[in-house]
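Notes follow once the structure below has been shown.
Since the structure is predicted, the reported quantities are computational estimates derived from the model, not experimental observations. Letters A, B, ... mirror the listed sequences (proteins, then strands); counts begin at 1.
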Amino acid sequence: MQENLTNVPIMAELFANGESPEVLFWVGCAGSFDDRAKKITGAFVRILNSIGVRFAVLGTEESCTGDPARRAGNEFLFQMLAQNNIAVMNGYGIKKIVTTCPHCFNILKNEYPALGGEYEVLHHTAFLQQMIDEGRLKVEGGAFAGKRITYHDSCYLGRANDIYEAPRNVLIQLDAQLAEMKSCKSRGLCCGAGGAQMWKEAEHGNKEINIERTEQALEVNPDIIASACPFCNTMMTDGVKMKEKEEGVKVFDVAELVAMANGLFA
Amino acid sequence: MEIVLQVLFAVVFGVSFYLAGRKFVAIRRNILLGRKESLTDQPARRWKHMVLFALGQKKMFRKPLPAVLHLFIYVSFVIVNLELIEIAIDGVTGNHRTFAPYLGGFYTFVISLIETLSALALVATLVFLWRRNVLKVKRFTQPELKGWPFKDANFILGMELILVTAILTMNGADYRLQQLGAAHYVDTGTLLVGQFTSQLFMHMGTASLEHVERIAWWVHILGILFFLNYIPYSKHLHIILAFPNAYYTRFAVAGKMENMPVIANEVKSMLDPSAAITEIPDPPKTFGAKDVTDLTWKHLLDAYACTECGRCTAACPANITGKQLSPRKIMMDTRDRLEEVGRNFDKHGAITDDGKSLFGDYITAEEIRACTTCNACVEECPVGIQPLSIILELRRYAVMEQSNAPNEWNMMFNNMENNQAPWQFNPGDRVNWKNEI
């Protein structure tokens, strides 16, 4: 079974063979192109393969959801990208989507329906929790026993969609010690990347937002900062580096932690 | 003399309600200068939401100490104003405590309750003054509160001090007058607080006590009538508008941005010229919002409902890290500009171009660009205001009507258009990651 862990079925090929996947894995731009985020994509694919989830990706037929354009104010560009994506997915008869990016999750779930794109959309942390609840995924405790993990809430999961517990419920399976930051859940402080801030310098101020948030995380003396968003991951990783704490504190996605716990990385 | 006072009372009472009513009608007119937005579905759920968030102040309890103190002032305000019914009848008829003989023990209970709440409100008001002026809690001393808003807040607290002091003085003197068996001062039973405050007047004779009681009574009622007229010009308007603002809340999850059907249609027919298009009734005159009239009435109701507490700004990541953006300022600017547009309307009988606009003259591009759309401001607001929604409408105007975006965003737009990703990668390489995992 181990040799199939990196199997990535492409939707067009499945469709040509008359097959349909259980779920479409929406990889997102960060997960496709960003070196750090690609590791999250890899971890999630390994988990899916290890428990035999029949998934597919759109591959080169996937485009940006349009989220950064819409949040920046460019509705035209958003509409072009979104309507193309919906045409592709409706063409394949997609019913269910899972994604490792909260921004993709939010826009696919809440904003695509108005344009005719109605799907059941899950964030990967909710999907992992579902797999655990159904008994399909067993997370091996032990690897993280004695480690201290603090979870950084993504705004687009938390306040935007009221998803606070799913990522924590998955992390609980790791037998680690979970420590909450002073601002957590609905009070969680943004990493600084949302609303298309990722692609521009911050406005003039006296501090970077990711440094403020990293300081809050470091206050609880974690071994690991867990994130559930590729952009949060980048911001927190940079923050830890700026604070020169990268030796002792690592930033991992929830999916990466599960994959590591289950020995899915070679 | 008696009859003169009765007539004077009736006139002052009537004129006060008339003037306040006129201002409230003007505010309603201003709010309705906004664009349409449909928020009347699910009435049962709306009532429940209003009971929980406006009446029940659910969000206030995210900060327990201010919430409890605020509750003292709020409950005492509501209950004290019930007594306004009796005061109005007394004022016009020249009676004293008209209801006392009819209600008996229940009257004693109600007045004792009012006194107790007034005493608690007095404590809360003093703590609030201390927090603003001595402790200087950060959110009460930020730039947008300089000048009038800071004075407004202190003035309201000062007014509250005067009102509750008047009530306690009035009842204390009254109670003492009852003990002395003064004519006209009917038996109220033993007043919970009055029995103690009456001790302050032990040295006074009936005549002076009557003066004290009458002056306190007049200060109280004139204070309330003045307050009624002050409220619509002040941040204190939230005591009324928190209710409709909660009722007309947007139930969609906070992460959802509203669709722009006009643009959706345009893009749809561009991608597929044969596509069936549903006409949009009443299309907006601009993409996004340049001025308050480009916002919807709910945005404008939000602005009037804001009490400038600054919980939004205290939670805003951009503001915390020293950027210009303050969600509270967005709301205050929207209200100030709307008042200006309203005054213009009054002058000319219609909306006229005064060469000014919300975006540009009140709110700058630098402010709205700093937003991370994290929804912290929305989450914190005790009365359900959504500053983020206004920020995003202004961004739409800046980018689509003015091409007013930072260079990096223009590069991002180009990449998304040409490479279907915000970075400059070859779209053909999108799935190369599968060979790297």
Side-chain angles (χ1 to χ4, degrees), chain A residues 6 8 10 27 29 31-33 38-39 41-42 45-46 57 59-60 62-64 66 68-77 79-81 83-84 106 110-111 114-115 155-156 159-162 186-187 189-190 192-209 212, chain B residues 62 252-257 259-260 263-264 266-268 270-271 287-288 315 317-318 320-325 366 369-376 378-379 392 394-400 405-406 408-409 411-413 416-417 420-423 425 427-434 436-437:
Chain A
T6 59
V8 181
I10 306 291
V27 184
C29 300
S32 301
F33 292 117
K38 280 193 265 187
K39 296 200 169 79
T41 308
V45 162
R46 283 164 188 264
V57 299
T60 53
E62 185 186 289
S63 296
C64 174
R70 188 172 233 196
R71 261 77 197 159
N74 193 336
E75 183 76 8
F76 279 97
L77 185 49
Q79 291 282 348
M80 287 195 316
L81 291 159
Q83 293 189 27
N84 264 322
N106 176 69
N110 299 319
E111 298 174 21
L115 305 173
C155 305
Y156 274 76
R159 281 184 294 268
N161 286 289
D162 287 320
S186 69
R187 288 187 170 88
L189 184 72
C190 175
Q197 297 296 335
M198 186 74 192
W199 291 276
K200 71 182 221 345
E201 286 297 315
E203 315 307 314
H204 179 71
N206 53 33
K207 201 175 194 177
E208 294 293 337
I209 295 172
E212 177 77 18
Chain B
R62 283 170 76 83
V253 292
K256 185 185 174 192
M257 253 179 99
N259 192 33
M260 295 184 73
I263 297 180
E266 217 168 294
V267 171
K268 195 173 170 188
M270 193 178 77
L271 295 175
F287 293 137
I320 289 171
T321 54
K323 278 80 173 178
Q324 291 285 313
L325 175 64
E366 181 177 346
R369 281 182 193 171
C371 175
T372 68
T373 70
C374 77
N375 264 308
V378 176
E379 183 75 35
L392 290 170
L394 298 177
R395 278 189 176 185
R396 281 173 165 170
Y397 179 81
V399 167
M400 290 190 284
E408 301 131 294
W409 273 2
M411 271 151 53
M412 175 187 81
F413 295 150
M416 288 172 76
E417 205 169 331
Q420 289 83 52
W423 295 288
F425 286 107
D429 295 341
R430 188 173 266 272
V431 76
N432 286 6
W433 57 265
K434 78 187 176 91
E436 300 169 29
I437 57 171

Given the options [options], which has more heavy-atom pairs under 4.5 Å with chain B than any of the others?
options	result
A:Ala114, A:Ala202, A:Ala69	A:Ala69
A:Ala160, A:Gly59, A:Gly42	A:Ala160
A:Thr60, A:Leu77, A:Leu189	A:Leu77
A:Gly192, A:Pro68, A:Ala193	A:Pro68
A:Lys39, A:Glu208, A:His204	A:His204

Does any backbone or side-chain atom of [X] lie under 4.5 Å from a heavy atom of chain B? Answer side chain, backbone, both or neither.
X	answer
A:Glu75	both
A:Ile209	both
A:Phe33	both

Quick one: does [X]'s side chain have a donor or acceptor within less than 3.5 Å of a partner on [Y]'s backbone?
X	Y	value
B:Arg430	A:Glu62	yes
A:Arg70	A:Glu111	no
A:Arg159	A:Ser186	yes
A:Thr41	A:Gly31	yes
A:Asn106	B:Gly255	yes

Side chain from CB out, backbone as N, CA, C, O: work out which of these in [X] comes under 4.5 Å of a heavy atom of chain A, or both, or neither.
X	answer
B:Phe287	side chain
B:Met257	both
B:Ala405	neither
B:Pro422	both
B:Glu417	both
B:Ala398	neither
B:Met270	side chain

Quick one: of [options], who has the most non-hydrogen atom pairs under 4.5 Å with chain A?
options	value
B:Pro406, B:Gly428, B:Ala376	B:Ala376
B:Lys434, B:Met411, B:Met260	B:Met260
B:Ile320, B:Val399, B:Leu392, B:Leu271	B:Val399
B:Ile263, B:Val253, B:Leu394	B:Ile263
B:Ala318, B:Ala252, B:Cys371, B:Ala315	B:Cys371
B:Thr321, B:Ile437, B:Leu325	B:Thr321

What one should report as the nearest heavy-atom pair of B:Gly288 and B:Arg396 is CA-CB, 3.7 Å
Non-hydrogen atoms of A:Tyr156 and B:Thr373 that approach each other most closely | OH-OG1, 2.6 Å
Just jot down the ring-ring contact (aromatic ring centres under 6.0 Å, His included) partners of B:Phe413, sequence neighbours excluded, or say none.
-> none
Do A:Asn110 and A:Asn161 touch side chain to side chain, with heavy atoms closer than 4.5 Å?
-> yes
Ion pair present between A:Lys207 and A:Glu212, side-chain N to carboxylate O less than 4.0 angstrom?
-> yes
Is B:Arg369 paired with B:Glu408 through a side-chain N to carboxylate O contact shorter than 4.0 Å?
-> no
Who pairs with A:Asn74 by side-chain hydrogen bond (donor to acceptor under 3.5 Å, both in side chains), at least two apart in sequence or on another chain?
-> none
Is A:Lys200 close enough and on-axis enough to B:Trp409, meaning under 6.0 Å and within 45°, for cation-pi?
-> yes
